[in-house]
Engineer: 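The structure under discussion is supplied below as structure tokens; questions concerning it will follow.
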Amino acid sequence: MAVNDTKQLADAENPAVTKFGDSDSDVDFAGRANWLRAAVLGANDGLVSTASLMLGVSAVKHDVRAMVVSGFAGLLAGACSMAIGEYVSVCSQRDVEIAQLDRDGKRGGEEERALPSPVQAAAASALAFSVGALLPLLAAGFIVGYRLRVAVVVAVATMALAAFGFIGAVLGRAPIAKSCARVVVGGLAAMGVTFGLMRLFRASGI
């Protein structure tokens, strides 16, 4: 009887442990940081940089082909840059951690096998960037009218930025409204500055 009373008391004092083993307290949010950063920020970078590049080119030349070609070039260059940057970063991180394992005498164990893969990180970054960059490209590729094409690119970019902010906030358990607003405002500012500055070249006749 005393054992049952003790168990009931423990259950009452620690309900989250005994009944909710899959609660948020058991989720390793820190472990999500690397892939969440690579996925959400990679896609966000792809979207903002490509959309800004396309809008900047369109501010000087209204031709749809020039806009799409510049966006595709931005996709390729950005994806390669992201992949190389992530590969070098993860390799450097692995070198530091492997050196520490050597000092601790733990080389070749579970700790080393758990280290992140530079190739996987590079591929994930390139893929995420490409997914984000494809959105403004697809939005502009089938629209002939200049004004409508620019408006559609901005609208698609805005909706996608809000979606990226929402996804990042949900996965990271961050405030949704603040996350979405931060991503959308930052992306629109980048596109607006690029478009506005490039208009100066058209106005000066360069």
Side-chain angles (χ1 to χ4, degrees), residues 34-89 119-172 176-177 179-206:
N34 286 334
W35 67 263
L36 182 60
R37 174 183 59 84
V40 176
L41 295 185
N44 183 78
D45 286 346
L47 173 65
V48 173
S49 61
T50 303
S52 298
L53 178 61
M54 294 171 65
L55 291 175
V57 171
S58 71
V60 179
K61 189 168 184 173
H62 294 179
D63 181 34
V64 63
R65 186 174 183 274
M67 190 176 185
V68 172
V69 169
S70 66
F72 188 69
L75 185 157
L76 294 177
C80 291
S81 176
M82 288 287 290
I84 294 171
E86 194 70 15
Y87 182 86
V88 172
S89 176
V119 174
Q120 290 180 353
S125 294
L127 178 61
F129 186 96
S130 299
V131 169
L134 277 175
L135 296 177
L137 273 173
L138 293 175
F142 302 99
I143 300 177
V144 177
Y146 168 71
R147 293 183 181 275
L148 179 60
R149 185 167 66 252
V150 170
V152 169
V153 169
V154 173
V156 169
T158 301
M159 291 186 290
L161 288 170
F164 292 153
F166 175 81
I167 293 171
V170 169
L171 293 179
I176 294 177
S179 177
C180 291
R182 182 168 54 234
V183 174
V184 170
V185 171
L188 290 178
M191 290 184 283
V193 169
T194 305
F195 183 84
L197 291 178
M198 291 302 294
R199 289 285 291 182
L200 298 177
F201 287 92
R202 182 177 178 84
S204 61
I206 298 178

Engineer: Quick check: does any side chain N or O of Ser58 sit under 3.5 Å from a backbone N or O of Leu55, one acting as donor and the other as acceptor?
Structural biologist: yes

Engineer: Could you list the residues that satisfy side chain to side chain contact (heavy atoms under 4.5 Å, CB included) with Val119, not counting sequence neighbours?
Structural biologist: Tyr87, Ser117

Engineer: Distance check, rounded to the nearest 0.5 Å: Ile167 atom CD1 versus Cys180 atom SG?
Structural biologist: 9.5 Å

Engineer: How close do Arg199 and Ala59 get, heavy atom to heavy atom, and via which atoms?
Structural biologist: CD-CB, 3.6 Å

Engineer: Would you tabulate the side-chain donor-acceptor contacts of residues 43-54 under 3.5 Å, counting partners in other chains and residues two or more places apart, or write 'none'?
Structural biologist:
{"unit_1": "Ser49", "atom_1": "OG", "unit_2": "Asp45", "atom_2": "O", "d": "2.6"}
{"unit_1": "Thr50", "atom_1": "OG1", "unit_2": "Gly46", "atom_2": "O", "d": "2.8"}
{"unit_1": "Ser52", "atom_1": "OG", "unit_2": "Val48", "atom_2": "O", "d": "2.7"}

Engineer: Taking all atoms of both residues into account, what is the closest heavy-atom pair of Glu86 and Ala121, and its distance?
Structural biologist: CG-O, 3.4 Å

Engineer: Using side chain to side chain contact (heavy atoms under 4.5 Å, CB included) as the criterion, list what pairs up with Ala66, not counting sequence neighbours.
Structural biologist: Val57, Lys61, Asp63

Engineer: Can you tell me how far apart CG (Leu41) and CZ (Phe129) are? Round to the nearest 0.5 Å.
Structural biologist: 12.5 Å

Engineer: When the side chains of residues 149-161 are checked against the rest of the protein, which donor-acceptor pairs come out under 3.5 Å, sequence neighbours left out?
Structural biologist:
{"unit_1": "Arg149", "atom_1": "NH1", "unit_2": "Ile143", "atom_2": "O", "d": "3.3"}
{"unit_1": "Arg149", "atom_1": "NH1", "unit_2": "Val144", "atom_2": "O", "d": "2.7"}
{"unit_1": "Arg149", "atom_1": "NH2", "unit_2": "His62", "atom_2": "O", "d": "2.5"}
{"unit_1": "Thr158", "atom_1": "OG1", "unit_2": "Val154", "atom_2": "O", "d": "2.7"}

Engineer: Suppose we screen for side chain to side chain contact (heavy atoms under 4.5 Å, CB included). Which residues come up paired with Arg147, at least two apart in sequence or across chains?
Structural biologist: none

Engineer: Could you check Ser130, Pro136, Ser70 and say which one makes a side-chain contact (heavy atoms from CB on, under 4.5 Å) with Leu75?
Structural biologist: Ser130

Engineer: Please answer whether the main-chain N or O of Gly165 pairs with a side-chain N or O of Ser179 as donor and acceptor at a distance below 3.5 Å.
Structural biologist: yes

Engineer: Do the non-hydrogen side-chain atoms of Thr194 and Met191 ever get within less than 4.5 Å of each other?
Structural biologist: no

Engineer: Excluding sequence neighbours, so at least two apart, what forms side chain to side chain contact (heavy atoms under 4.5 Å, CB included) with Leu197?
Structural biologist: Val193, Leu200

